[in-house]
Structure formats: structure tokens, C-alpha cells
Amino acid sequence: MYAQMVTSEATQDDPEKLAAFQARIDAGEKIEPKDWMPEGYRKTLIRQIGQHAHSEIVGQLPEGNWITRAPTLERKAILLAKVQDEAGHGLYLYCAAETLGVSRDELTEALLAGKMKYSSIFNYPTLTWADIGAVGWLVDGAAIMNQVPLQRTSFGPYSRAMIRICKEESFHQRQGFDIMRKMATGTEAQRRMAQDALNRFWYPSLMMFGPSDKDSVHSAQSMRWKIKMNTNDELRQKFVDQTVPQAEYLGLTVPDPDLRWNAEKGGYDFSEPDWTEFFEVLKGNGPCNAERLAARQKAWDDGAWVREGLMAHAAKRAAAPLAAE
Amino acid sequence: MSAVVDLDAAMFEGLCRLGDSTLVLGHRVSEWCGHAPVLEEDIALANTALDLIGQTQMWLGLAGEVEGRGRTADALAFHRDVWEFRNLLLVERPNGDFGHTLMRQFLFDAWHQPMLAGLAQSQDARVAEIAEKAGKEVAYHLERSADLVIRLGDGSDESHARMQDALDMLWPYTGEMMVPDATDIALAEAGIMPDLTGLRGTWDALVRDVLAEATLVIPDGSFMHKGGKQGQHSEHLGHMLAIMQFLPRAYPDATW
Ligand SMILES: [Fe+2]
Ligand SMILES: [Fe+2]
Ligand SMILES: [Fe+2]
């Protein structure tokens, strides 16, 4: 999922207001920006939506890495459209966050200062064309697992953003799978690239859901508020159960010797990812953390004159409304 | 009709000029993906690149059909070398800062739109149909690039200086668009493509208006680079093709 390990804020609000608020959520009502909400709800949502938005934006980089090298004009067009969609998702989500009283620029500055995170997955490199398939298939696939239930989240603008986003994400996942299918059934070199991509992206994809949170107080609060709909383990299990048969269909091997169907639970038993690696990536020590943040910082710095120039022009127009036309 | 030029050959050439220009510019614009100054621009640049790649598929697809040797749009895009590319020199200029990218887009769009309007009147129905479709997209490109040139030209001191710098650098690459060679003349005489000299008036008027509103000054001097559409390129194009064509060239047996 794109929002990992979002800690919920403790709330010190009036217990009566809190109870009424909880009752609205329990009744399935949507909370809108102008409604009263506990400070903890607001802050947790800002953190979660902001992290999700940052993930969409930083997520453009590993895929953008292959736009100029896409192997056919059609694949280039499809990838361009996908990366454009991701930027659009970022935009919807920043707008949803703005309704909670935080500006896009503030969120961007927090990202660049290292005060806000984005999904760990985007700190892994895309090394071959098969990685573009793997990202669509696995990364968008994992994102969908998390985002489909979030369409029912309690905060109205977030829920509506998710509904728009989910339509596009499932399209992305199908396109990624289509690249994988082409690669897995292609030449020997393509087949090897496909397997290699699965080998490298399997565990980082499982990490996207975050470590087990079944005993976490924060998660329990977020679930009561319906800004988190399932536990990390539930979503991870669903993802594995969906993905393993797809890998089999492709003739690829999931890089987990302990992967086994468990008839009793009606799902697969599988190995945990290396959580030490996950925490290192979150700390900034993933293979691409430095490059990803540097790219965003450079875009921000290099773009300063453009943003200032546009504001200067708007100010001139405002000062001389008649001269403008 | 000019007897010295084989019309099919001229048409193949003319279609490659269109398709290669959209391909090369689309590639350049796509290099911005994820790096633009504001999120809205990231989206708009990707959208422009996407339109241009789509137009490339149509122009080069038709070029392959006209040539009749079984070459697809992909074969033309990914399996020709620098000297066989027929794009304008303007579109292979490196991105530079956002101001250069934007100015390059505007100077091209200001030509591209009347060019497509002319092509939409083509005697060849296939050409007219593509131009009709592309024309709608390009009208929007021009609206957007002209608007941004005005806003940044007449913006802050720094944005003004950067836009003027971009104009000074790129201006000498604009002449080629409106100077016809034997191929262009043959195509115009056959009613397949518009007379390039006829585009000059529209282009001049539009560019002068927009640059004046942007408080930018057209550079002195009449020197113009040329050669792109005859296959004489700058050093930049080879590097672009090395990136663009890497996969199909490295794995010639593969389909994707
Ligand atoms: Fe997305
Ligand atoms: Fe995504
Ligand atoms: Fe996506």
C-alpha cells in the first residue's frame, strides 16, 4: 500500500463530540471537510493522504525511467498514459489533503525535508523492461488491494479520490500483466528478464503492506475511524492469494521455497519479507532513496523560477485588469 | 507536376518528415516525466508527449504503407539511423530548462497548427484524416504553449530573462520549417501537402503577436540552420536514438 505505518494521533477531544462522531462513522456516513472532526482524525488523515500523494509522485520516477526506452510506440504511449495517470492521482490526493487545511507546497516541503514518507517500493530500481511489467502487475496490484476497500473510507474527499483512482489502477495492473505475459512467453532472454523482475520485486511488493499490525493500537484507532479498512496481514494474504496463480499462469516461479497452498485456511502459506531491509529502506538506505529524493528536490528547485514567474504575471494582471485584454 | 520527383517517394519522405518530427519532439517532452516545475505541468507535458507519439504512429504507419516494403511505424521509428531521420532540427534541440522546452514547443506548435490545417485539405484522404485528428490535439498544444510563453515572458525578471534566452537560442532553428525543397514543392503541386511558403504569413503573425505580448524581442539576424528534413542532424539526435532504439536493436528477435 502507498501509506505505510501511518501512526494515528491520540485524541483529546470532548468525549460527547467524539461519541457522536464515532456514531456517524459507524452508521456509514461520510465525514466532509466542514464537519467537526477530532484533531487526531484530521492529523492522521493528512499524514496518510499526504504519504499516498507523495507515493504517486515519486512513483513516476521508476517508471519514467523507461519511457524513453519503451520498445514500441504503443508501449511508449501506454506507459506515458500510465505515468500521467499517476501524476493525476497525486493531484487528486493533494486536493483531498488540502480540504483538511494543509497546502500542497507544505506537503512537498515536508517530503523534501524527510519529514514525510512515500512508499518503500519506489526506492527499488527498474533495471529491465520486464520491471515495467512487474511494477504494473505487482505494485499497482498491491496498491489496488489497499485502495479498493478505501473507496469506503469515512472521509468523503478521500473516498471519492479513491473511487476515481481505482478505475485507473486496475487498468494499470492489466497492462503490467500484459507486458509480463509478452516477456514470459517471449524469447529466452525475455523469459529470463521476466523471472528476474519477479525475483527482485516479489518481497518489496509484500513489504508494501507494512509489517504485521494486528496488535497495533494505532491501527485499531484508524480502523475504528474507517481510514484503515483491513489489517496489513489481511491485505498481504489477499495479495499473495491473487498473485500466485497469476505467476503460475505466466510460467514464472515465485521466489519463495516455502510457498504452499494451505487448504485449511484457504490461502497460501508464504515467507515474510526481510523486515530489516524494509526498515533500512524507510530510514533512507534503499537502493534508490537518494536518487528519488534528489530528483524531486531538483524538480522543485529548478521549477522555482517558473512558479515565481507565473505568480508575478498573475500579480501584474490583477493590478491592471483592464490592460490585460 | 514536377516530373523529376517520384511522387510515392516524395510522399514517403514527406510523411517521415511529419512523423519523425512528432516522434523526436514527443521523446524530448517525455524526458520531463516526473521532473516538471509543477504537477499540472507534469501532466500537461506527458499529455503533449502522448499526443505526439500517437501522431507518430499514424504518420509513420502511413509512410510504411506508401513505401510498400512492409515496414511498420515501429520499424521506421526503431530501425533507422540518424541520417535516415527527417525531423526538423528544432525538435531535436535538448530540453534545457523549462523555458527552452516551452519556447521550442511554442515555435513548433505555431507551425504545426497551420501545417495540419493545410494537410487537412489534402487530396489524399488518408493524409487529410490524420491531419484532422491531430489538428484538434495541436490546437490545444498551441493554446497552452502560447499562454505560458506570455505568462513567463511577462512574468518576473528572471522568467523574462530565461524566456528571452530560450528565444535567442532557438530562433535560428525556425527557418527550416517554411523553406520548401524539391520534395515539399512536388507534394504541394500534387495537392498532397500545403505550400510551406504559404505558412509563413500565419506563423509570423502568430509568433509576433505572442512574443510581443510576452514582452520578448525577436533576435536580429536572418541566419537560419537547415538540413534536418534532408537527414543532416545535430550531434544530439544520435544520442537520443541510442536510448530510444536500444531494446529493439539489442533484442531483434523479440516482440514486445
Ligand atoms: Fe496511482
Ligand atoms: Fe500507482
Ligand atoms: Fe497505477
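Quick note: numbers below take in every heavy atom, side chains included, and nothing from hydrogens, waters or symmetry partners. Note on naming: letters A, B, ... go to the chains in the order of the sequence lines (proteins, then strands), and numbering restarts at 1 for each one. These figures come from a predicted structure and were not determined experimentally.
- Contact of A/Ala304 with chain B is not made at all, since no heavy-atom distance falls under 4.5 Å.
- When each of A/Ala81, A/Gly88, A/Gly309, A/Ala299 is checked for heavy-atom pairs under 4.5 Å with chain B, A/Gly309 comes out on top.
- Residue B/Leu52 does not touch chain A at all, counting heavy-atom pairs closer than 4.5 Å.
- Within the model, atoms CZ of B/Phe246 and CH2 of A/Trp66 stand 5.5 Å from one another, a figure rounded to the nearest 0.5 Å.
- Proximity to chain B (any heavy atom under 4.5 Å) is shown, for A/Leu91, by both the backbone and the side chain.
- Within a 6.0 Å sphere centred on CD of A/Glu98, heavy atoms belonging to other residues, nucleotides or ligands number more than 12.
- For the pair B/Glu213 and A/Arg317, the salt-bridge criterion is met [side-chain N within less than 4.0 Å of a carboxylate O].
- Atom CG in B/Asp51 sits 10.0 Å away from atom CG in A/Leu80 (nearest 0.5 Å).
- Between chain A and the options B/Cys33, B/Gly153, B/Ala254, the largest number of non-hydrogen pairs under 4.5 Å is found for B/Ala254.
- For A/Arg69 (side chain) and B/Leu247 (main-chain N/O), no donor-acceptor pair under 3.5 Å exists by modelled atom type.
- If you measure heavy-atom distances from B/Ala36 to chain A, the contacts under 4.5 Å come from the backbone alone.
- The main-chain N or O of B/Thr255 is never found under 3.5 Å from a side-chain atom of A/Lys182 such that the two would form a donor-acceptor pair.
- Within the 4.5 Å cutoff, no side-chain heavy atoms of A/Asp302 are placed close to those of B/His35.
- Among A/Gly64, A/Gly186, A/Ala87, A/Gly59, the residue making the largest number of heavy-atom pairs under 4.5 Å with chain B is A/Ala87.
- Contact of B/Asp42 with chain A is made through the side chain alone, with heavy-atom distances under 4.5 Å.
- With chain B as the partner, the residue from A/Ile57, A/Val83, A/Ile67, A/Leu310 showing the most heavy-atom pairs under 4.5 Å is A/Leu310.
- In terms of heavy-atom pairs under 4.5 Å with chain B, the best-connected choice from A/Ala312, A/Gly133, A/Pro71, A/Ala77 is A/Pro71.
- Contact of A/Met183 with chain B is made through the side chain alone, with heavy-atom distances under 4.5 Å.
- The environment of A/Arg164 atom CZ is sparse: at most 12 non-hydrogen atoms of other residues, nucleotides or ligands sit within 6.0 angstrom.
- Enclosure of atom CD in B/Glu31 by more than 12 non-hydrogen atoms of other residues, nucleotides or ligands within 6.0 angstrom is indicated.
- In B/Met169, the CE atom is not crowded: 12 or fewer heavy atoms of neighbouring residues, nucleotides or ligands sit closer than 6.0 Å.
- For chain A, the option among B/Leu152, B/Asp154, B/Ile53 with the highest count of heavy-atom pairs below 4.5 Å is B/Asp154.
- Side-chain contact between A/Thr68 and B/His27 is present, with at least one heavy-atom pair separated by less than 4.5 Å.
- Per-residue heavy-atom pair counts under 4.5 Å with chain A were compared for B/Asn47, B/Leu45, B/Leu23, B/Asp157, and the maximum is reached by B/Asn47.
- Residue contact with chain A, scored on non-hydrogen atoms closer than 4.5 Å, involves the backbone and the side chain of B/Leu39 alike.
- Around the CD atom of B/Gln245, the shell of radius 6.0 Å holds more than 12 heavy atoms that belong to other residues, nucleotides or ligands.
- Of the atoms belonging to B/Phe98, heavy atoms from both backbone and side chain fall under 4.5 Å from chain A.
- Distance alone, capped at 3.5 Å, is enough to place a donor-acceptor pair between the A/Arg75 side chain and the B/Trp256 backbone.
- Under 4.0 Å is where a charged nitrogen must lie from a carboxylate oxygen, and between B/Glu40 and A/Arg104 at least one such pair does.
- Interface check for chain A: of the options B/Ser156, B/Ser159, B/Gly155, the most heavy-atom pairs under 4.5 Å are formed by B/Gly155.
- In this structure, B/Met244 and A/Lys76 have side chains that are in contact, with non-hydrogen atoms separated by less than 4.5 Å.
- B/Arg162 touches chain A through its side chain: at least one heavy atom from C-beta onward sits under 4.5 Å away, while N, CA, C and O do not.
- Remark: side-chain polar atoms of A/Arg296 are paired, donor with acceptor, to backbone N or O of B/Gly34 under 3.5 angstrom.
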Q. Does the pair A/Val306 and B/Asp97 meet the rule for a side-chain contact (heavy atoms from CB on, under 4.5 Å), with working shown?
A. CA-CA 10 Å; A/Val306 178; B/Asp97 67 5; over 6 Å; no
Q: For the pair A/His313 and B/Ile150, evaluate side-chain contact (heavy atoms from CB on, under 4.5 Å) and give the outcome as yes or no after the intermediate values.
A: CA-CA 9 Å; A/His313 181 81; B/Ile150 292 168; 4.2 Å; yes
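- To the nearest 0.5 Å, the span separating CH2 on A/Trp305 from CE on B/Met163 amounts to 6.0 Å.
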